[in-house]
Peer 1: 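What follows is a single structure, and I will ask about it in a moment.
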Amino acid sequence: MPLALLALAVGAFGIGTTEFVMMGLLPDVADDLHISIPAAGHLVSAYALGVVIGAPLLAAVTARMSRRTVLIGLMVLFVVGNALSAFAPGNGSLLAARFLSGLPHGAFFGVGAVVATAMVPPERKARSVSLMFLGLTVANIAGVPAATLMGQHLGWRATFLGVSVIGLAAIASLALLIPHDHTQAPATGLRGELAALTSLPVWLALGTTVAGFGALFAAYSYVTPMLTDSAGFAEGNVTLLLALFGVGATAGNLLGGRLADHSLRGTLFGGLASLAAVLALFPLLMRAEWSAAVAVTLLGTAAFVTGSPLQLMVMEKAAAAPSLASSANQAAFNLANAGGAWIGGLALAAGFGVTSPALAGAVLAVLGLGVAGVAHAVDRRREELPSASAGRVVTSHLPEESGALRP
């Protein structure tokens, strides 16, 4: 694997850290800015909104630019957003800065995935994407806990300054390691990129992402009350258990990349089926501390097995202009985050029990399997149509040729 993938992983590490660290800093931010914790929670939503808007928008407006230049520019925007967050004087300016920080997120992963696959042979494409995503999963193991501790001891503003430094390191890595070849924009330009989103297979792939990762976030958004109220863990141990989720996500990401290079569709189906099974077993596994720890680890593994296959599938369905579709898939991940949390919350509010969000997630995973199955049927139908048309063309000539051979 080319060393340039390390530069993409460094950028992913910084993005993953700034995305998830706000959850642990909400009490500190709320206290410092004299706002309620629910009001501080809007800072999480502001970042997610930036991702959803920025992913397709920035990918579209940079369609004709060198992808190497785009990646560096996106990380510059990332550094600016986090630096502004560190110096924000009030809640309004911090909301704006968090929105700005989220803008480059989806486009970076989208364009980065295109660059990563361009630098490796076809049989290693999924692994190259998984190595870029490795920075995101490792951020949940090391980056987020370290940044949270920094914020608790040095103040939350120090956290965002530290993340800005990671962004500067990513810029230097991209400039030094990303080659100029394999990164030029395709000749299709903006019109070709936009045309990619009109394809039914692309939308089915995006729908699979929303349903599949919506299943994850339906449960993960409420994993803390499951661990404390059902499994009996003390609140102080939850951080360690969430690190186990990161370990599982890292293992699943690497496993999914390797398996998808052998069977993209098979890995996707297997990952979604495994995710549905793990979530369906959550009420049983959350009855004891040891099994709850296993459940959290398996949840990360099963969910992230599908990460690389989903990203690669969207890129393949929009092969002529993959950057916009690839970035749109990142927007789909964040829609899954918001939608899954909402659906899990509905199950909880309905009084079905503290582990009911996991069962709602299992239903979403099955729905994702269904969408993936429809996508597979559409692909097979499209493959069969040219063969059938060719057969009809050949058959239509047979009487004429036979007549020509008659005396």
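Position 1 is the first residue of the sequence, and the numbers go up from there.
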Peer 1: Tell me the ring pair (Phe, Tyr, Trp, His ring centres under 6.0 Å) pairs involving residues 214-248, sequence neighbours left out?
Peer 2: Tyr220-Phe245
Peer 1: Please name all residues satisfying side-chain contact (heavy atoms from CB on, under 4.5 Å) with Pro89, sequence neighbours left out, ordered by chain then number.
Peer 2: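 Pro89 satisfies side-chain contact (heavy atoms from CB on, under 4.5 Å) with Ser93 once adjacent residues are dropped.
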Peer 1: Give the table of side-chain donor-acceptor pairs shorter than 3.5 Å for residues 344-367, with sequence neighbours excluded, one pair per line with atom names and distance.
Peer 2:
from: Ser356; atom 1: OG; to: Ala347; atom 2: O; distance (Å): 3.4
from: Ser356; atom 1: OG; to: Gly353; atom 2: O; distance (Å): 2.6

Peer 1: Not counting sequence neighbours, which residues clear side chain to side chain donor-acceptor pair (under 3.5 Å) with Tyr47? List them please.
Peer 2: His105
Peer 1: Going by side chain to side chain donor-acceptor pair (under 3.5 Å), name the residues that satisfy it together with Asn82, two or more places apart in sequence or in a different chain.
Peer 2: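 Expected list: Thr18.
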Peer 1: In the structure I gave you, are the side-chain heavy atoms of Phe213 and Thr306 within less than 4.5 Å of one another anywhere?
Peer 2: yes
Peer 1: Test of understanding: with ring-ring contact (aromatic ring centres under 6.0 Å, His included), list the residues that count as partners of Phe282, not counting sequence neighbours.
Peer 2: none
Peer 1: Run the side chain to side chain contact (heavy atoms under 4.5 Å, CB included) check on Val294 and Leu285 step by step: do they pass?
Peer 2: CA-CA 8 Å; Val294 172; Leu285 295 173; 5.8 Å; no
Peer 1: Output all residues satisfying side chain to side chain donor-acceptor pair (under 3.5 Å) with Thr137, sequence neighbours left out; order by chain, then residue number.
Peer 2: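 Result, side chain to side chain donor-acceptor pair (under 3.5 Å) vs Thr137: Thr250.
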Peer 1: Which residue pairs pass the side-chain hydrogen bond (donor to acceptor under 3.5 Å, both in side chains) test when at least one of the two sits in residues 271-280, sequence neighbours left out?
Peer 2: none
Peer 1: Going by the rule side chain to side chain donor-acceptor pair (under 3.5 Å), which residues pair with Asp379 if we only count those two or more places apart in sequence or in a different chain?
Peer 2: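 By the side chain to side chain donor-acceptor pair (under 3.5 Å) rule, Asp379 matches Arg265, Lys317.
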Peer 1: Listing request: all ring pair (Phe, Tyr, Trp, His ring centres under 6.0 Å) pairs with a residue in residues 358-380, at least two apart in sequence or in separate chains.
Peer 2: none
Peer 1: Among residues two or more places apart or on two chains, list those pairs meeting side-chain hydrogen bond (donor to acceptor under 3.5 Å, both in side chains) that have a residue in residues 161-175.
Peer 2: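 Listed once each, the pairs would be none.
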Peer 1: Under the rule for ring-ring contact (aromatic ring centres under 6.0 Å, His included), what residues qualify as partners of Phe133, not counting sequence neighbours?
Peer 2: Phe109
Peer 1: Could you check whether any side-chain heavy atom of Leu8 comes within less than 4.5 Å of a side-chain heavy atom of Phe108, counting everything from C-beta outward?
Peer 2: yes
Peer 1: Among Arg124, Arg127, Lys125, which residue meets the salt bridge (Lys or Arg N to Asp or Glu O under 4.0 Å) test with Asp261?
Peer 2: Arg127
Peer 1: Step through the shown structure and confirm whether more than 12 heavy atoms of other residues, nucleotides or ligands are within 6.0 Å of NE2 on His262.
Peer 2: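 It does: His262 NE2 has more than 12 such atoms within range.
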Peer 1: Would you check if the side chain of Asn337 reaches a backbone N or O of Phe333 as a donor-acceptor pair within less than 3.5 Å?
Peer 2: no
